Number of protein chains: 2
Amino acid sequence: MTRRTTLKDIARETGVHVSTVSRALDPQKRGSITEEVVDKIREAAERLDYRPNRIAFSLRKQKSMTIGVMIPDITNMIFPAIVRGIESVMEPLGYAAIIVNTDGNSDREKRLIETLQDRGVDGIIHTAVLRSAPNIVEVAHQGLPVVTLNRKVEEADIPYVINDEEAGIRQIFELLYQAGHRNIAHLSGPPDLSTGLLRQQAFLAVTADYGMARDDLVIEEADRFEEAEGRRCTQAILSRAPETTAVLCANDRLALGAIDHCTRTGVKCPADISITGFNDMAFLDLIPPGLTTVRIEQFEAGAQAARLLAKILDGHADQVPRETVLPVSLKIRNSVAVPRASKS
Amino acid sequence: MTRRTTLKDIARETGVHVSTVSRALDPQKRGSITEEVVDKIREAAERLDYRPNRIAFSLRKQKSMTIGVMIPDITNMIFPAIVRGIESVMEPLGYAAIIVNTDGNSDREKRLIETLQDRGVDGIIHTAVLRSAPNIVEVAHQGLPVVTLNRKVEEADIPYVINDEEAGIRQIFELLYQAGHRNIAHLSGPPDLSTGLLRQQAFLAVTADYGMARDDLVIEEADRFEEAEGRRCTQAILSRAPETTAVLCANDRLALGAIDHCTRTGVKCPADISITGFNDMAFLDLIPPGLTTVRIEQFEAGAQAARLLAKILDGHADQVPRETVLPVSLKIRNSVAVPRASKS
DNA sequence: AACGGTTATGCAATCGATTGCGCAAACTTG
DNA sequence: CAAGTTTGCGCAATCGATTGCATAACCGTT
């Protein structure tokens with residue numbers, strides 16, 4: 001492998017000092033160099049196919065032009081879109097991303113944060129599942145720019161980007177309510193996960209607004225956001241409250257599990273029971289009966305978090321709001337119908 | 001942000017020279033330093049919470065401990081698993097990955113390769129879709145270690161990891177054949193994509209082995225690996241060759257499109273027609289009737305490619321085979337049945 | 001005690017860029 | 001035309017680590 005050409009090579013070639021070459025190639029300070037010299041240097045740089053060594057740059061400037069992106073697990077379908085959203089903003093700015101998977105494991109997360117710091121990342125975008133994330137809060141306090149995604153940060157002064165979970169739950173609740181449903185159970189996510197709690201709280205809020213007594217509510221908490229838990233909890237709901245005509249699920253996978261359980265037990269969706277999801281994950285339209293759900297803009301969430309981080313890295317931390325709430329929208333398919341009672 | 005502690009800090013603290021500190025902290029050369037001094041230095045390093053600056057390390061050693069991972073699009077569900085497979089091997093070795101999405105765009109790919117080189121990656125894992133990839137071949141020839149994934153490399157001496165597409169097609173063909181199908185159409189992928197061509201060639205080979213005349217074969221080529229193309233080509237197949245009882249599709253998404261088209265037109269799968277896929281992507285078991293497909297081990301493919309690259313980076317390029325073929329397996333669900341003719 | 005041979009450590013260059021400072025030449029001004 | 005100012009570029013330090021070579025101290029040997 002032939003060595004890459006360096007400033008020194010260009011300096012030798014053009015007969016000037018490396019510092020002159022450095023300045024001539026920097027649009028910022030090109031002004032202080034004679035045009036004639038600049039041209040000569042640019043020509044040589046072109047001819048020798050000069051490409052700046054970013055590692056040397058990083059060492060000197062203490063700026064790696066690299067960010068860390070921490071996600072629970074890239075194989076979880078919501079994260080690839082987020083990652084691309086981040087990339088769409090950061091790449092044009094010259095930043096590269098090192099993506100790490102925490103697997104929701106705090107020790108691992110701590111280690112990964114350390115290796116990101118060792119690599120001198122200029123900032124971190126942290127998408128959490130757990131509600132608390134002491135590790136990332138700590139590095140943020142050390143002064144490393146951090147933006148979190150999908151998680152409301154109570155503890156610290158870290159900017160966060162979240163989806164309007166409350167509005168989503170409200171909209172889908174109202175969709176069910178207006179279809180005539182009054183016995184609406186909530187298949188909640190794990191309350192130690194940020195989205196699990198937020199959505200459950202939103203459910204409590206909207207039911208209260210509609211005058212439903214809290215004691216009458218049927219809420220079943222899943223241990224994980226998985227189909228199996230959706231099945232289990234649906235069974236629990238239906239045996240505890242057979243009058244239930246609609247299950248408002250905290251996410252699509254729980255909803256798919258719910259539908260699956262119903263199908264297996266001869267309960268038809270939506271004829272016998274209406275079921276809704278949250279997230280609008282891919283391929284949902286291929287799975288019958290077509291889940292009505294809340295669409296959240298993953299790509300845009302990633303892009304927005306990246307924009308905030310970029311602003312901080314650009315020295316305008318004062319311009320970034322502590323809270324950014326992204327709008328959600330209903331995605332109506334076929335899993336909601338009028339309640340079975342009023343059908344006859 | 002308080003400055004990180006450096007070797008110099010430890011040297012000052014312990015009264016020795018930085019070179020001594022460097023050696024004491026390096027397990028390789030610790031031997032040449034008095035145990036007593038080593039202990040003193042390690043204690044100080046511990047106390048000051050020393051963490052080596054990888055950027056300085058990289059500059060001096062000309063080794064960034066970073067690899068580039070080039071994929072078409074992380075939101076395409078097969079890639080996250082590959083990425084995690086790579087990570088599972090590289091992270092324990094101290095390597096981080098910069099993941100870039102090429103979008104199958106050659107110009108973009110070229111740019112991305114340059115930025116990876118600027119960042120001094122030690123090697124690249126390149127998962128292609130297109131059969132030819134002149135850009136990556138060029139950098140490989142410049143001496144940068146490259147391993148490709150999912151793509152048989154004809155042009156150059158680049159190690160590649162592929163799945164046993166031939167065996168997969170053969171197995172699923174035989175499954176259909178043994179179920180009694182004789183009119184088996186092939187819904188092919190785009191022949192300019194590596195997997196598209198490979199699978200079509202495998203189809204040709206196995207049908208030839210079974211004594212089917214090439215002129216009698218019904219093959220329809222999709223323009224993209226998408227449901228819509230699956231629908232379009234299925235329609236074409238069924239109007240051209242209504243006697244078709246089975247469609248062997250080049251991948252799952254085409255197969256889902258095929259099923260969708262059939263369902264919409266009142267053709268029942270598997271009762272009226274058998275349809276098979278390839279890849280075994282996630283959530284397939286939730287989509288009726290349950291696609292019978294070929295399972296390929298994405299995670300393992302990534303891990304294997306990473307192992308090869310690691311070996312090269314370790315200076316044992318001679319030990320890596322030019323070709324690695326990973327086994328595939330059948331995943332039988334419910335989209336295959338006996339042909340409708342023989343059912344009566 | 002002198003000598004050759006280890007051994008542990010220091011010195012300084014190096015990786016490739018950036019940048020404050022200084023200096024000489026060119027220019028302006030009265 | 002002398003004095004002061006500006007301009008254009010070079011010098012050298014710096015970022016934080018690694019490493020070949022030099023050297024001083026210590027060892028045993030005769």
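Computed from a predicted model, the values in this text were never measured in an experiment. Computation of the quantities below employed the complete heavy-atom set of this structure, encompassing side-chain atoms and omitting hydrogens, waters and symmetry-equivalent molecules. In the text below, chain A, chain B and the rest are named by the order of the sequence lines, each starting its count at 1.
- Comment: Glu87(A) engages Arg84(A) in a salt bridge, judged by a side-chain N to carboxylate O separation of less than 4.0 angstrom.
- With axes fitted over five pairs at each extremity, the angle between the ends of the helix from dA1(C)-dT30(D) to dG30(C)-dC1(D) is 50° (10° resolution).
- Counting only heavy atoms from C-beta on, Arg23(B) has its side chain closest to dT19(D) among dT19(D), dT19(C), dA17(D).
- In this structure, a donor-acceptor pair under 3.5 Å is present between the side chains of Ser106(A) and Asn135(A).
- With hydrogens and angles disregarded, no donor-acceptor distance shorter than 3.5 Å links the side chain of Thr14(A) to the backbone of Ile41(A).
- Within residues 34-48 of chain B, the residues that place at least one heavy atom under 4.0 Å from DNA chain C are, in residue-number order, Thr34(B), Val37(B).
- Going from atom CG of Leu7(B) over to atom C1' of dG10(C) covers 15 Å, rounded to whole Å.
- A straight line from NZ of Lys63(B) to C1' of dT18(D) spans 15 Å, rounded to a whole angstrom.
- Taking atom CE of residue Met65(A) and atom C1' of nucleotide dG16(C), one finds them 17 Å apart after rounding to whole Å.
- Distances were taken from every side-chain heavy atom of Thr6(A) (C-beta onward) to each of dG16(C), dT19(D), dG16(D); the shortest belongs to dG16(C).
- Among the nucleotides dC15(C), dA17(C), dC9(D), the one closest to the side chain of Ile33(A) is dC9(D).
- The shortest heavy-atom contact between Met70(A) and Leu112(A) is CE-CB, 4.1 Å.
- For Val16(A), taking side-chain heavy atoms from C-beta onward, the closest of the listed nucleotides dC15(D), dA17(D), dG10(D) is dG10(D).
- Asp73(A) places no side-chain N or O within 3.5 Å of a backbone atom of Asp103(A) that could act as its donor or acceptor partner.
- The side chain of Gln28(B) contributes no N or O atom lying less than 4.0 Å from OP1 or OP2 of dT18(D).
- The separation between Arg54(A) atom CZ and dA17(C) atom C1' is 12 Å, rounded to whole Å.
- As a whole-Å value, the separation of Lys61(A) NZ from dG16(D) P is 15 Å.
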Are any protein N/O atoms closer than 3.5 Å to N/O atoms in nucleotides 12-14 of chain D? If there are, list each pair with its distance.
unit_1: dT14(D); atom_1: O2; unit_2: Arg60(A); atom_2: NH1; d: 2.8

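- Here dC15(D) presents its C1' atom at 11 Å from CZ of Arg3(B), a figure rounded to the nearest Å.
- Regarding Ile55(B), its CD1 atom lies at a distance of 13 Å from the C1' atom of dG16(C), rounded to whole Å.
- Summarising the geometry, the separation between CZ on Phe57(A) and C1' on dC15(C) is reported as 17 Å, rounded to the nearest angstrom.
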